[in-house]
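Please read the structure below before turning to the comments.
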Amino acid sequence: MNNFIIKEIYKDINNGLSKKKLKFRFAPEPNGVLHLGHVKAIYINFKLAKIFKCKINLRFDDTNPKNENLFYVRNIIDNIKWLGFKWDKLSFTSDYFLILYKWAKKLIIYNKAYIQYYNPKKNKYYNVYDIDKNLYYFNNMKLGKYDENLFVLRANISKELPNYHLKNPIIYRVIKKNHYKTLNNWCIYPTYDWAHGQSDYIEKISHSLCSIEFQNHKPLYNLFINYIYNKNFNSLKPKQIEFSKLNIIDTITSKRQFNYLIKKKIIKNYEDPRLSTINSFKKKGYKSISIINFIKKRGFTKRNYNISIKTLDIEVKKHFIKTAPILMVIFNPIKLIITNFKKQYVKWIKLNNKNKIPFTRYIYIEYDDFKLKHDHTFYRLSFKNYIRLKYSYIIKAYKIKKKKNIIKKIYCKIYKNIKSKKIKSTIQWVSSNFIKKIKILNYKYIFFKKNKIYNINSIKSIIGYTDNISIKNLKINKIYQFLRIGFFSFSKKNNFIKILYMKKKY
RNA sequence: AGACUCGUGGUGUAAUGGUAAGCACAUCAGAUUUUGAUUCUGACAGUUAAGGUUCGAAUCCUUACGAGUCUACCA
């Protein structure tokens, strides 16, 4: 693995940064569940810690109680574990609220921050210039004397930055809602800008990786670090490095959109197969290795790009082609009569030590696997082609029965002296005496485009058939290959979820 | 509109200023195959453009063009 982030770190090492001081962190806000987009940030941080054999923190960036809660904290912890990563220390930005507050007070004293208040009657904003007054108002904010949206603390750096919105950014605001962790201890909360870099500094993070939209905040990040930096404490200045995030065009990775779908009752929970949450992947039986490999292959750059969620299928398929047990399933059955096979007789075909399947005179095959007209690009069953029934006999058709111009039955014979090499096609079948109906959930990913939702009604139920012997031994949440059709996850009794279809070339 | 960032085959990436721009996926052929899958072999195809610096530029500089992020009491 080689990318610009690693190179930048090596550059820092060559410039004198001690390898022992390297430390990383993954810092999500607990305001939503983990999805595919997060995995990129998770992977790079944990991977770097492994490469450089250094520590990594999992820090919850919980500075806004309005939409954070313990459910999300647990979800994120569980899912990072499931992905196979371990952190050295679990921390919370809310652990640092007191020191952040003290630093903010110092900012006021050094004239680097000031109170701005809003007078609703006059519809006007006022800045406070006097230091003592600023301290007084800030203390009142902390005591909860003001309602939300009236008083804020702003940094005073207008001359130092060209970026308009970073000129005098808000660093503290009043939020009167209980925090899931600090409860009602606080009613003022630091903003991202006044919390993130500082937390990195406190935790002695050497490199703070984030996605590209934070690059505009970098000057502010560095400036605030300089404000609080104290070289007596063996501390180091953390460095922010930005990389482009995963832009997936045909699925949802926004918390706002997830919540909208739940509110509208389009989805019930985060396990819905139409989502690209880690929970959904888990439920579908994906292995974390497939997701990690997918992320690995994207690489890390600063370029912005759009990719399709379908490219994840390539990795998913790669894994399951090796591991998924095979099941013979028919979607559109047509009846076959093997006229030279004994009536009433059941031949048990041994697949392995555990499993066997029944073969009988009457079986079903897929409707598309038979063609009446001869065509030499068609390898499957016809009056001319010999084909093999998987695990079983070589047959050829010789007669059909039609009803209202639709083929209802195909008469075939077993041929025992045909050489295997001549057989171009092998197809799946199910004995009619042992047939079992199954339900398959077919879904498409939901996504938003220009405020329009696509694939809302994208969960469809399909009926399929297999034999009632094989289905008894299936395990829930395990992936099975439906021979020549695709990969399906066994969700509950007689129910499957489609994962992906095989390529059809014919 | 400004500020910041980024432009390498169809897609995602690689190349201390130094070999003939490498790899993977996709696509298309051929071989193998009790899955028209897989596997194997091969083909296809690229440095946004123009100038400059240099013995030598994907890489450094300038301009143009294109894309993204931001201009929140979200992170």
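Lettering follows sequence order; numbering is per chain, from 1. A quick note: this is a predicted structure, and the numbers were derived from the prediction, not measured. Quick note: numbers below take in every heavy atom, side chains included, and nothing from hydrogens, waters or symmetry partners.
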Tell me whether the OP1 or OP2 atom of B:rG68 has a side-chain N or O from A:Ser244 closer than 4.0 Å.
-> no
Donor-acceptor pair between A:Ser244 and A:Asn304 side chains, under 3.5 angstrom = no
Nearest to the side chain of A:Thr426 - B:rU35, B:rA14, B:rC73?
-> B:rU35
Taking atom C1' in both B:rU27 and B:rU19, what distance in whole Å separates the two?
-> 30 Å
Name the nucleic acid region contacted by A:Lys7, choosing base, sugar-phosphate or nothing; use a 4.0 angstrom heavy-atom cut-off, strictly under.
-> sugar-phosphate
Distance between the P atoms of B:rG68 and B:rA24, in whole angstroms?
-> 31 Å
Within the structure, does a side-chain N or O atom of A:Lys421 lie under 4.0 Å from either OP1 or OP2 of B:rU34?
-> no
P-based separation of B:rG18 from B:rA58 [nearest Å] = 10 Å
From CZ of A:Arg59 across to P of B:rA75 the rounded distance in Å is 13 Å
Parallel, tilted or perpendicular: which fits the ring planes of A:Tyr117 and A:Phe151, with parallel below 30° and perpendicular above 60°?
-> parallel
Look through every strand shown and name the nucleotide pairing with B:rU54 as Watson-Crick or G-U wobble, where both distances are under 3.5 Å.
-> none
Mind checking who B:rA15 pairs with, Watson-Crick or G-U wobble, both distances under 3.5 Å?
-> none
For the residue pair A:Asn79 and A:His38, confirm or rule out a side-chain donor-acceptor distance under 3.5 Å.
-> no
Quick one: label A:Tyr305 by what it contacts on the DNA or RNA (base, sugar-phosphate, nothing), any heavy atom closer than 4.0 Å.
-> sugar-phosphate
N/O (side chain, A:Arg380) to phosphate O (OP1/OP2, B:rG36) under 4.0 Å | no
Over how many whole Å does the gap from A:Arg484 atom CZ to B:rU33 atom C1' extend?
-> 14 Å
Would you mind classifying the nucleic acid contact of A:Thr377 as base, sugar-phosphate or nothing, using non-hydrogen atoms under 4.0 angstrom?
-> base
Would you say the side chain of A:Gln481 and the base of B:rU35 hold a donor-acceptor pair, judged only by whether the two atoms sit under 3.5 Å apart?
-> yes
Would you mind telling me which residue lines up with the more 5' stretch of RNA chain B, A:Ile321 or A:Ile423, judged by nearest nucleotide?
-> A:Ile423
Atom pair NZ (A:Lys237) and CD1 (A:Ile225), whose distance is rounded to the nearest 0.5 Å = 9.0 Å
Round to a whole Å and report the spacing from CD1 of A:Ile418 to P of B:rU34.
-> 16 Å
Mate of B:rU34 where both pairing distances stay under 3.5 Å, Watson-Crick or G-U | none
Could you measure between the two C1' atoms, the one in B:rA50 and the one in B:rU69, and give it in whole Å?
-> 28 Å
B:rC73 phosphate, OP1 or OP2, under 4.0 Å from A:Thr191 side-chain N/O | no
Quick one: which of B:rA3, B:rG36, B:rA75 gets closest to the side chain of A:Glu213?
-> B:rA75
Specify whether A:Phe26 and A:Phe46 have parallel, tilted or perpendicular ring planes, treating 30° as the upper limit for parallel and 60° as the lower limit for perpendicular.
-> tilted
Distance check: side-chain N/O of A:Arg298 vs OP1/OP2 of B:rU11, anything under 4.0 Å?
-> no
Identify whether any heavy atom of A:Tyr172 sits under 4.0 Å from a base atom; if not, whether one sits that close to sugar-phosphate; answer base, sugar-phosphate or nothing.
-> nothing
Rounded distance in Å - NE2 (A:His217) to P (B:rC74) | 12 Å
Taking atom types as modelled and ignoring hydrogens, do the side chains of A:Tyr72 and A:Lys255 form a donor-acceptor contact shorter than 3.5 angstrom?
-> no
Verify whether the ring centers belonging to A:Phe92 and A:Phe60 lie closer than 6.0 Å.
-> yes
Given atom CD1 of A:Ile5 and atom P of B:rU13, what is their separation to the nearest angstrom?
-> 12 Å
Contact class for A:Phe378 vs. all strands (heavy atom < 4.0 Å): base, sugar-phosphate, or nothing?
-> base
Using both distances under 3.5 Å as the test, list the Watson-Crick or G-U wobble partner of B:rA3, or none.
-> B:rU69
Got a list of protein N/O to nucleotides 39-47 of chain B N/O distances below 3.5 Å?
none

Phosphate OP1/OP2 of B:rU32 contacted by A:Lys424 side-chain N/O (<4.0 Å) | no
Starting at CG of A:Asp375 and ending at P of B:rG36, how long is that distance when rounded to a whole Å?
-> 16 Å
A:Ile309 CD1 - B:rG12 P separation (whole Å) | 16 Å
Touch class at under 4.0 angstrom, heavy-atom based, for A:Ile326 against every strand present = base
If we take the P atom in both B:rG42 and B:rG22, what is their distance in whole Å?
-> 15 Å
For A:Leu483, which contact category applies under a 4.0 Å heavy-atom criterion: base, sugar-phosphate, or nothing?
-> base
Which one, B:rA24, B:rU8, B:rU38, comes nearest to the side chain of A:Arg303?
-> B:rU8
With sugar-phosphate meaning primed atoms plus P, OP1 and OP2, does A:Tyr189 contact a base, only sugar-phosphate, or nothing at under 4.0 Å between heavy atoms?
-> nothing
What does A:Glu29 touch in the nucleic acid at a heavy-atom separation under 4.0 angstrom: a base, only the sugar-phosphate, or nothing?
-> sugar-phosphate
Find the partner of B:rA21: check Watson-Crick (N1-N3 plus N6-O4 or O6-N4) and G-U wobble (N1-O2, O6-N3) distances, both under 3.5 Å, and reply none if neither fits.
-> none
So what does A:Ser420 touch, heavy atoms closer than 4.0 Å: a base, only the sugar-phosphate, or nothing?
-> nothing
Is the closest side-chain donor-acceptor distance between A:Asn185 and A:His179 under 3.5 Å?
-> no
Nearest-neighbour nucleotide for the A:Val152 side chain, B:rC4, B:rC73, B:rA15 considered = B:rC73
If we take the C1' atom in both B:rA26 and B:rG10, what is their distance in whole Å?
-> 7 Å
Will you find, in the side chains of A:Asp467 and A:Ser431, an N or O donor that is under 3.5 Å from an N or O acceptor?
-> no
Taking the six-membered ring for Trp, are A:Phe482 and A:Phe331 parallel (under 30°), tilted (30 to 60°) or perpendicular (over 60°)?
-> perpendicular
Using atom CD1 of A:Ile248 as one end and atom P of B:rU11 as the other, report the distance to the nearest whole Å.
-> 18 Å
Are A:Glu203 and A:Arg25 within salt-bridge range, i.e. N to O under 4.0 Å?
-> no
Base, sugar-phosphate alone, or nothing: which one does A:Lys390 contact when heavy atoms must sit under 4.0 Å apart?
-> base
Sugar-phosphate only, base, or nothing, as touched by A:Asn2 at under 4.0 Å among non-hydrogen atoms | sugar-phosphate
Quick note, A:Asn304 side chain, CB onward, closest among B:rG68, B:rG36, B:rG12 is B:rG68
For B:rG36 and B:rC28, measure between their C1' atoms and round to the nearest Å.
-> 15 Å
C1' atom, B:rG46 versus B:rA14: distance in rounded Å?
-> 13 Å
Return yes if a side-chain donor-acceptor contact under 3.5 Å exists between A:Asn442 and A:Lys498, otherwise no.
-> yes
Once you apply the 3.5 Å cut-off to both distances, tell me the Watson-Crick or G-U wobble partner of B:rU8, or none.
-> none
Across the strands shown, which category fits A:Asn149 at heavy-atom distances under 4.0 angstrom: base, sugar-phosphate, nothing?
-> base
Hey, does A:Leu500 reach any base, or is it just sugar-phosphate, or nothing, if we go heavy atoms under 4.0 Å?
-> nothing
